[in-house]
Amino acid sequence: MARSNDEVAALFQEYADLIAITGGDAFKARVYEKAARAIGGHHADVGTLDAKGLQEIPGVGRSIAEKVVEYFRDGRVSAVEELRAKIPAGVRQLTAIPTLGPKKALVLHEELGISSVDELADAIRAERLRDLKGFGPRTEENILHGIELLQSSGDRVLLDVALDLAEETVAGLARVTGCRRCTYAGSLRRYRETIGDIDVLAAAERPAPVMRAFTGLPYVTEVIAHGDKKTSVRTSKGLAIDLRVVPPDSWGAALLYFTGSKTHNIRVREIAVRQRLKLSEYGLFDVESGEKVVSATEEDVYARLGLPWIEPTLREDRGEIEAGQRGELPDLVTESDIRGDLHTHTDLTDGLAPLEEMVRAAAERGYAYYAITDHGPDLYMQRMTDERMLAQRDQVRQLDGAYGKQGKRGGMRLLHGVELNIAPDGGVDWPDDFLAGFDLCVASVHSHFNQGREALTRRIVRACENPYVNVIGHPTTRIIGKRPGIDADLDQVFAACARTGTALEINAHPDRLDLRDEDILRARRHGVRFAIDSDAHATLHLAHMRYGVGTAQRGWLTKEDVINAWPLTRLRRFLDKGRRGRRSAA
DNA sequence: GCCGTTTTCGGCCCGACTGTTTTCAGTCG
């Protein structure tokens, strides 16, 4: 179920689109877009705010606040209804076709009565667009191609797929003579969970050789646009890559600009405008004289605007600019802060590698501690028994400290854990006395995803209340692009975690990234602690940690928030979860 | 429709590329 903030955000985004399609004031459309984003990202439920409280959200004034109030009072907003009556929903969908924006969509609707993607495809085949002003043969071709992309994949790809391709492309271009610098930027540098297209930035005095090398890459199948400063291609996987080449002196301004996000950039430029400066990808310029002020590094540009350097993972206009101005940016957790992995598997259950191989691979990553957490018996296909689990524990104790930098004494410490299954009623695989033998317990939902909101919420809260459950694994169970997260009341879950001393996992597998960044931001406000885990089922998966850390950064987490960035003694106190007190009281 | 470190009115981010155009509108990021 969508949060009411998301409902209102979607409504205003639709209203903005409809204003643009009906040829309304472009500035007005932009204001509604901005308000939609601000409301979608606002921490408090807008359904609980009055007009005054609503107007404290930046970008929300009297008129928009009234519309929010109207929405919760009447279930509808009359201004939106009026535009909906004029423009069929299908016309708005036309603007989802690449190269087709609101202006062309309006012409198609007004002149030809087209109000769906299918009707548009038919009209092109029937050559009905031929007489329209502004529509030539290439436009027809581009629209048909765009429809094809939209209907086939056209989708965003997972972070790891995009990162592999980007790193290969950067390596290829960096070798070109005259290429002074090259890196990927865009949503990839911000570690967004999915990537629409890859942005690559290069610095060179003469762009032509770099551009030529780019279009000549073996996996490039189509050149979408080809210019002096910018070239766009599509690869064999259907993913688009944009390359921008700038003069070396513009590197910092260009990197800032192409890293985005769009809304972050707009905010930064507004700050520039207020200081009579103009920021573009070529530098920060004095408006009066036209002279360049700074451009060489991102730090230079931010500093001239009164801001510290802002981590790319924060650049989403979620308050990072204000925090920067106040000098209150978080000191984000990094991959090198991570001292261990708390959720991993071996071939005792569904992992691929034996215990010793996993332990050795973990030690090579430089971890101070490492937890083995195979599945419990409730996932019956895993054939777990008490005996097998206890035999593994003996093995784990023997390997404890055997691998790592400084031999036995300073070696990597091993924790014997388990990934429990949270049953539909919130129970787990074993009774307390058996659970007491583990160093830590991760507990996760693996089935019965459609129980209904109240039952799911109760189920997870009950797992948190189990004194032996330390971490809720992949809390929403979503698989990106394949399975939506379960419909639990996450705010209740977050409160339960904070109250009981249960950590929430940030599962680093690129298919999951669960919790997601927005939920992390909300959970953090409840005072929840987090565990960033690879959930590795093979030695190579241990390296997924970077995606989990990127996601944690997008949730503004510091190493203080992340239990596996803590020293082992502090981690053990957290894992104890007050059990010692319980035992002595009993 | 929102907003204010020259403004309560008059601004509102900036540039590249394409396609249909003989100077520019539309789209995109």
Side-chain angles (χ1 to χ4, degrees), chain A residues 12 15-16 19-21 23-36 38 54-68 79 94-108 129-143 145-146 185-188 190 195-201 207 211 223-233 240-246 250 253-254 256-285 287-288 305-306 317 325:
Chain A
F12 285 146
Y15 191 49
I19 290 169
I21 292 170
D25 182 3
F27 292 116
K28 183 170 160 184
R30 195 186 294 169
V31 163
Y32 276 98
E33 266 181 23
K34 209 169 169 179
L54 288 164
Q55 285 186 60
E56 282 170 20
I57 303 172
V60 175
R62 201 163 60 91
S63 174
I64 291 181
E66 276 170 9
K67 287 187 176 69
V68 176
L94 295 180
T95 62
I97 301 169
T99 73
L100 211 167
K103 295 286 189 295
K104 285 200 170 80
L106 178 62
V107 172
L108 290 169
L129 269 60
R130 293 290 159 88
D131 300 328
L132 287 183
K133 196 176 171 196
F135 287 76
R138 295 305 303 271
T139 307
E140 286 186 358
E141 241 174 75
N142 287 340
I143 291 174
H145 188 53
S187 51
L188 200 47
R190 304 198 312 276
I195 305 298
D197 51 37
I198 296 174
D199 291 297
V200 176
L201 179 66
M211 293 297 188
V223 177
I224 303 166
H226 189 31
D228 211 23
K229 302 181 167 63
K230 173 182 168 176
T231 294
S232 301
V233 302
I241 312 181
D242 287 344
L243 171 67
R244 292 288 300 243
V245 183
V246 297
S250 301
L256 198 162
Y257 180 74
F258 293 114
T259 298
S261 65
K262 188 177 174 176
T263 53
H264 176 89
N265 285 355
I266 290 174
R267 295 293 310 281
V268 174
R269 287 187 170 196
E270 283 169 354
I271 292 172
V273 167
R274 262 178 254 138
Q275 302 184 23
R276 299 207 165 274
L277 298 168
K278 183 189 72 155
L279 180 61
S280 76
E281 56 265 55
Y282 299 109
L284 189 60
F285 298 88
V287 170
E288 301 282 313
L305 296 173
D317 190 23
Q325 285 169 331

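Chain naming here is simple, since letters A, B, ... match the order of the sequence lines and numbering starts at 1 in each.
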Nearest-angstrom distance from the residue atom [atom1] of [X] to [atom2] of [N]:
X	N	atom1	atom2	value
E33(A)	dC12(B)	CD	C1'	13 Å
L243(A)	dG29(B)	CG	P	16 Å
L108(A)	dG26(B)	CG	C1'	13 Å
K28(A)	dG11(B)	NZ	C1'	17 Å
D25(A)	dG1(B)	CG	P	9 Å
N265(A)	dC28(B)	CG	P	18 Å
R62(A)	dC2(B)	CZ	P	9 Å
K230(A)	dT18(B)	NZ	C1'	11 Å

Let me know, please, whether Q55(A) or M211(A) comes out on the 5' side of the other along DNA chain B by nearest nucleotide.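 It is Q55(A) whose nearest nucleotide is closer to the 5' end.
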
Let me spell it out: for each of V31(A) and K278(A), pick the nucleotide of DNA chain B with the closest heavy atom. Which residue's pick is nearer the 5' end? V31(A)

When you measure from the side chain of [X], which nucleotide among [options] comes out closest?
X	options	answer
K229(A)	dG1(B), dC14(B), dC17(B)	dC17(B)
D197(A)	dG29(B), dG19(B), dG1(B)	dG29(B)
K67(A)	dT27(B), dC13(B), dG1(B)	dG1(B)
R30(A)	dA16(B), dG29(B), dC12(B)	dC12(B)
I266(A)	dG1(B), dG29(B), dC13(B)	dC13(B)
R274(A)	dA16(B), dT5(B), dC13(B)	dT5(B)
P137(A)	dT20(B), dG15(B), dC14(B)	dT20(B)
R276(A)	dC13(B), dA16(B), dT6(B)	dT6(B)
T139(A)	dC14(B), dT27(B), dG19(B)	dG19(B)
N142(A)	dT18(B), dG1(B), dT27(B)	dT18(B)

Rounded to the nearest 0.5 Å, what separates atom [atom1] in [X] from atom [atom2] in [Y]?
X	Y	atom1	atom2	answer
L305(A)	L284(A)	CG	CG	5.0 Å
R269(A)	L256(A)	CZ	CG	9.5 Å
I143(A)	L94(A)	CD1	CG	9.0 Å
D199(A)	L188(A)	CG	CG	8.5 Å
L277(A)	E288(A)	CG	CD	10.5 Å

Fit a plane to each ring of Y32(A) and F12(A), take the angle between them on a 0 to 90° scale, and name the class: parallel (under 30°), tilted (30 to 60°) or perpendicular (over 60°).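 Rings of Y32(A) and F12(A): tilted, as their planes differ by 30° to 60°.
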
How far, in whole Å, is [M] from [N] if one measures between their [atom1] atoms?
N	M	atom1	answer
dT21(B)	dG26(B)	P	13 Å
dT20(B)	dC28(B)	P	15 Å
dG10(B)	dG15(B)	C1'	24 Å
dT6(B)	dG1(B)	C1'	23 Å
dC14(B)	dC9(B)	C1'	24 Å
dC17(B)	dC13(B)	P	22 Å
dT5(B)	dG19(B)	C1'	44 Å

With a non-hydrogen cut-off below 4.0 angstrom, is [X] in contact with a base, only sugar-phosphate, or nothing?
X	answer
Q275(A)	nothing
L277(A)	nothing
K103(A)	sugar-phosphate
K104(A)	sugar-phosphate

Both distances under 3.5 Å, Watson-Crick or G-U wobble: report the partner of dT8(B), or none. none

Going by atom types only, do Y282(A) and K229(A) share a side-chain donor-acceptor pair under 3.5 Å?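 No, because no side-chain N or O of Y282(A) sits under 3.5 Å from a partner of the opposite role on K229(A).
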
Would you check if there is a donor-acceptor pair between the side chains of N142(A) and T99(A) at a distance under 3.5 Å? no

Phosphate OP1/OP2 of dG19(B): any R138(A) side-chain N/O under 4.0 Å: yes

Tell me whether the OP1 or OP2 atom of dT18(B) has a side-chain N or O from T99(A) closer than 4.0 Å. no

Distance criterion of 3.5 Å, no angle test: do you see the side chain of Y257(A) paired donor-to-acceptor with the base of dG29(B)? yes

